[in-house]
Protein chains: 2
Amino acid sequence: MPADLRMTPQRREVYEVLRVSHDHPTATDVFHRAKERMPGISLATVYNCLEALTEHGVVRQVNVERASSRYCANLDDHVHFHCEGCGQVVDAMPREDVTAAQLWKLPRGTKVTALDVSIHGLCPECAKANTKSSH
Amino acid sequence: MPADLRMTPQRREVYEVLRVSHDHPTATDVFHRAKERMPGISLATVYNCLEALTEHGVVRQVNVERASSRYCANLDDHVHFHCEGCGQVVDAMPREDVTAAQLWKLPRGTKVTALDVSIHGLCPECAKANTKSSH
DNA sequence: ATCTTTGCTTAGAATGATTCTTGATCTCAT
DNA sequence: ATGAGATCAAGAATCATTCTAAGCAAAGAT
Ligand SMILES: [Mn+2]
Ligand SMILES: [Mn+2]
Ligand SMILES: [Zn+2]
Ligand SMILES: [Zn+2]
């Protein structure tokens with residue numbers, strides 16, 4: 001935890017919800033889960049905590065298309081796979097170092113700070129269900 | 001143009017705005033530009049046209065983080081570079097075929113339909129301005 | 001220990017992009 | 001020409017997110 005992030009009970013609880021969740025919950029999802037153990041917490045506080053945690057690099061905000069932001073406590077270098085069938089968002093790890101400048105043509109002198117990748121498609125279960133129903 | 005997309009004057013105008021724009025305008029940007037030549041057009045219609053054009057694959061919707069959607073008439077396989085300095089969004093072409101399954105570990109049986117990449121950083125101009133001011 | 005400053009939490013209001021609703025208008029096949 | 005089905009326009013509604021203001025709580029100074 002960064003020293004300059006004050007770990008209030010609410011922030012700890014929001015972080016804990018994310019740490020044990022692997023489904024990339026939205027702010028309202030986090031709100032409902034946090035409420036179970038901390039009934040007084042408000043949605044505004046969840047938004048504030050998520051912002052504080054994100055800004056301090058303790059969690060990641062995950063945006064898939066225009067949908068509500070989701071949050072992820074996995075800090076390893078990874079991207080997100082979004083299943084168009086069941087809607088789940090799962091982590092995908094790079095096979096090796098993936099560098100933007102190697103894969104895409106960028107003007108000489110460009111400084112890359114982040115690479116944001118979402119892969120869209122069908123998870124194995126939805127892919128199977130899809131072929132079955134469409135033959 | 002797909003045969004099943006009725007090309008009304010409004011849709012043609014919205015498409016024309018995007019065809020000549022290379023800055024990935026938002027819906028309101030498109031609205032203001034379209035209004036110059038078609039003063040009666042409404043923002044709702046611009047949204048409708050953008051949706052129709054997007055659904056028929058004639059233009060692409062470009063989402064960078066949580067900002068308003070931008071639109072792009074370039075149908076070539078490409079990704080978007082977003083400059084954190086000046087905010088511009090520019091196209092970046094792949095150096096060669098970039099396949100998600102080759103670069104990221106995905107469960108066996110996953111079907112990939114689309115790869116959505118945004119590169120974040122500083123364009124050459126902003127990168128230069130940045131080093132100058134920060135030494 | 002008390003004052004002081006600053007940051008955090010909360011409820012509710014405000015924002016702003018997008019979508020929806022409704023009635024008018026247009027297109028196209030008959 | 002007629003009727004069905006699209007499309008358009010204006011405004012209302014939605015909904016995620018942000019802002020506001022007031023009360024609290026922790027940290028620092030005296
Ligand atoms: Mn993740
Ligand atoms: Mn583009
Ligand atoms: Zn699925
Ligand atoms: Zn720039």
Side-chain angles (χ1 to χ4, degrees), chain A residues 1-18 23-56 58-72 82 87 89, chain B residues 1-18 23-56 58-72 82 87 89:
Chain A
M1 292 294 157
D4 59 334
L5 172 63
R6 201 187 287 179
M7 256 312 181
T8 66
Q10 289 84 350
R11 289 180 181 172
R12 193 182 317 284
E13 177 57 30
V14 165
Y15 177 69
E16 192 56 19
V17 166
L18 289 177
D23 61 341
H24 301 86
T26 63
T28 22
D29 292 337
V30 172
F31 173 52
H32 290 126
R33 295 178 200 180
K35 232 172 148 165
E36 289 174 18
R37 296 170 59 197
M38 190 178 263
I41 198 169
S42 77
L43 179 56
T45 297
V46 170
Y47 270 107
N48 289 340
C49 293
L50 290 170
E51 187 185 7
L53 294 168
T54 304
E55 276 180 353
H56 285 80
V58 176
V59 307
R60 286 177 54 188
Q61 189 186 48
V62 177
N63 294 307
V64 176
E65 302 285 306
R66 308 253 79 224
S68 313
S69 288
R70 293 160 165 264
Y71 295 85
C72 172
H82 176 243
V89 172
Chain B
M1 292 295 157
D4 59 334
L5 172 64
R6 199 187 285 179
M7 256 311 181
T8 66
Q10 288 86 350
R11 289 180 181 172
R12 192 183 318 285
E13 177 56 29
V14 165
Y15 177 70
E16 192 55 20
V17 165
L18 289 176
D23 62 341
H24 301 87
T26 64
T28 20
D29 292 337
V30 173
F31 173 53
H32 290 127
R33 294 176 200 180
K35 232 172 148 166
E36 289 174 16
R37 296 169 60 195
M38 191 179 261
I41 197 169
S42 77
L43 179 57
T45 297
V46 169
Y47 270 107
N48 288 339
C49 291
L50 289 171
E51 186 186 8
L53 293 168
T54 304
E55 278 180 352
H56 284 81
V58 176
V59 307
R60 287 178 52 189
Q61 189 185 48
V62 176
N63 295 307
V64 177
E65 302 286 307
R66 309 255 77 222
S68 313
S69 288
R70 293 161 165 265
Y71 295 86
C72 172
H82 177 243
V89 172

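Quick note on labels: first sequence line is chain A, next is B, and so on, each numbered from 1.
- Within a heavy-atom distance below 4.0 Å of DNA chain C, the residues of residues 33-42 of chain A found are A:Gly40, A:Ile41, A:Ser42.
- When rounded to the nearest whole Å, the span between CD of B:Gln10 and P of D:dA10 equals 11 Å.
- Among D:dT17, D:dC8, C:dC8, the nucleotide with an atom closest to any side-chain atom of A:Thr8 is C:dC8.
- B:Arg33 contributes atom CZ, which lies 9.0 Å from atom CD of B:Glu36 (distance to the nearest 0.5 angstrom).
- The distance from atom CZ of B:Phe31 to atom P of C:dT18 is 14 Å, rounded to the nearest whole Å.
- Side-chain polar atoms of B:Asn48 and B:Thr45 form no donor-acceptor pair below 3.5 angstrom.
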Inset, instruction - Could you go through the side chain to side chain contact (heavy atoms under 4.5 Å, CB included) check for A:Glu51 and A:Tyr47 one step at a time? - result: CA-CA 6 Å; A:Glu51 187 185 7; A:Tyr47 270 107; over 6 Å; no

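- The nearest whole Å value for the distance from the CE atom in A:Met7 to the P atom in D:dA27 is 14 Å.
- With rounding to whole Å, A:Leu50 atom CG is found 14 Å from D:dT18 atom C1'.
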Inset, instruction - Output, in order, the C-alpha distance, side-chain angles, deciding distance and verdict of side chain to side chain contact (heavy atoms under 4.5 Å, CB included) for B:Val64 and A:Asn63. - result: CA-CA 9 Å; B:Val64 177; A:Asn63 294 307; over 6 Å; no

Inset, instruction - Can you check each nucleotide of nucleotides 20-30 of chain C against protein heavy atoms at under 4.0 Å and return B for base, S for sugar-phosphate only, - for none, in 5' to 3' order? - result: -------S---

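- With values rounded to the nearest 0.5 angstrom, A:Arg12 atom CZ is found 8.0 Å from A:Met1 atom CE.
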Legend entry - Chi angles and distances behind the side chain to side chain contact (heavy atoms under 4.5 Å, CB included) call for A:Val14, A:Ile41: CA-CA 10 Å; A:Val14 165; A:Ile41 198 169; 4.3 Å; yes

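- Non-hydrogen atoms lying under 4.0 Å from DNA chain D are contributed by A:Ser68, A:Ser69, all within residues 60-71 of chain A.
- Looking only at atom types and distance, the side chain of B:Arg66 has a donor-acceptor partner in the side chain of A:Ser69 under 3.5 Å away.
- Between the CG atom of A:Asp29 and the P atom of D:dA16 there is a distance of 11 Å, given to the nearest Å.
- In terms of heavy atoms, A:Arg11 sits closest to A:Leu53 at O-CD1, 4.1 Å.
- By the 4.5 Å heavy-atom criterion applied to side chains, A:Cys72 and A:Val59 are not counted as neighbours.
- The separation between A:Leu43 atom CG and D:dT18 atom P is 11 Å, rounded to whole Å.
- With respect to A:Phe31, the side-chain contact (heavy atoms from CB on, under 4.5 Å) criterion is satisfied by exactly one of A:Val17, A:Leu50, A:Val46: A:Val46.
- Among the heavy atoms of the strands, none lies under 4.0 Å from B:Glu51.
- Listed nucleotides C:dA17, D:dT18, D:dC8 differ in distance to A:Tyr47; the shortest reach to its side chain belongs to D:dT18.
- Between the C1' atom of C:dC8 and the CG atom of A:Asp4 lies a distance of 15 Å, rounded to the nearest Å.
- Protein atom CG of A:Leu5 is 14 Å distant from nucleotide atom P of C:dG7, rounded to whole Å.
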Inset, instruction - Please step through side chain to side chain contact (heavy atoms under 4.5 Å, CB included) for the pair A:Gln61 and A:Tyr71, ending with a clear verdict. - result: CA-CA 5 Å; A:Gln61 189 186 48; A:Tyr71 295 85; 3.2 Å; yes

